[in-house]
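Order of listing sets the numbers, starting from 1, for every ligand and every atom in it.
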Amino acid sequence: MSCIFCKIISGEFPSKKVYEDESVLAFHDIKPNAPVHVLVIPKMHIESVDALDESNIDVANKALLAIPKVAALLGLKNGYRVISNCGEDGGQTVPHLHFHIIGGKKLPIKLN
Ligand code: 5GP
Ligand code: ZN
């Protein structure tokens, strides 16, 4: 498996972990674009939102449910932004489903 995030899950690549349970991992983005920038990923390799279907939606839901827990751990009491880039036009660079949690300041209104 050549997927970077699968290697982070297996421990082959290091990461700064924020939260982990049996099906979800959250870790700091290596190139943060805000004071807080964390990625929440399912441990199962799902390519993107576009690959969601009945067979993997429970796993994706677990990642979504982890988002408020991670936000609380990060102290994001005043809100945050959740982004999932999908495919080439969506700007996705790592083909393993992930939800960016971005915050720690009032974010500008923009498309990404
Ligand atoms: P995308 O562009 O696919 O929406 O988001 C991928 C994110 O993964 C980017 O924000 C990028 O900085 C982050 N990223 C890429 N490689 C690594 C890595 O090896 N470690 C960590 N922690 N983040 C990574
Ligand atoms: Zn993967």
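A salt bridge links Glu20 with Lys43; the closest basic N to acidic carboxylate O contact falls under 4.0 Å.
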Does ligand 1 have any N/O pairs with the protein under 3.5 Å, and how far apart?
unit_1, atom_1, unit_2, atom_2, d
ligand 1, 2 (O), Gly91, O, 3.3
ligand 1, 2 (O), Thr93, N, 3.3
ligand 1, 2 (O), Thr93, OG1, 2.7
ligand 1, 3 (O), Thr93, N, 2.7
ligand 1, 3 (O), Thr93, OG1, 3.2
ligand 1, 3 (O), Val94, N, 3.0
ligand 1, 3 (O), His98, NE2, 3.0
ligand 1, 4 (O), Asn85, ND2, 2.8
ligand 1, 4 (O), His98, NE2, 3.0
ligand 1, 4 (O), His100, NE2, 2.8
ligand 1, 5 (O), His98, NE2, 2.9
ligand 1, 5 (O), His100, NE2, 3.2
ligand 1, 10 (O), Asp29, OD1, 3.2
ligand 1, 10 (O), Asp29, OD2, 2.5
ligand 1, 12 (O), Asp29, OD1, 2.5
ligand 1, 22 (N), His28, O, 2.9
ligand 1, 22 (N), Ile30, N, 3.4
ligand 1, 23 (N), Ile30, N, 3.2

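Using a 4.5 Å heavy-atom cutoff, the side chains of Leu97 and Val49 are in contact. The shortest distance between side-chain heavy atoms of Leu39 and Phe27 falls below 4.5 Å.
Nearest N/O/S atom of His96 relative to the Zn ion (ligand 2): this is ND1.
By the salt bridge (charged side-chain N to carboxylate O under 4.0 Å, His left out) test, Lys62 pairs with no residue at all, sequence neighbours left out. With sequence neighbours excluded, the residues satisfying ring-ring contact (aromatic ring centres under 6.0 Å, His included) with His100 are His37, His98. Lys105 meets the side chain to side chain contact (heavy atoms under 4.5 Å, CB included) test with Pro35, Leu107; sequence neighbours excluded.
At the Zn ion (ligand 2), the angle from ND1 in His45 to SG in Cys6 is 110° when rounded to 10°.
Between the side chain of Asp50 and the main chain of Gly87, no donor-acceptor pair closer than 3.5 Å is present.
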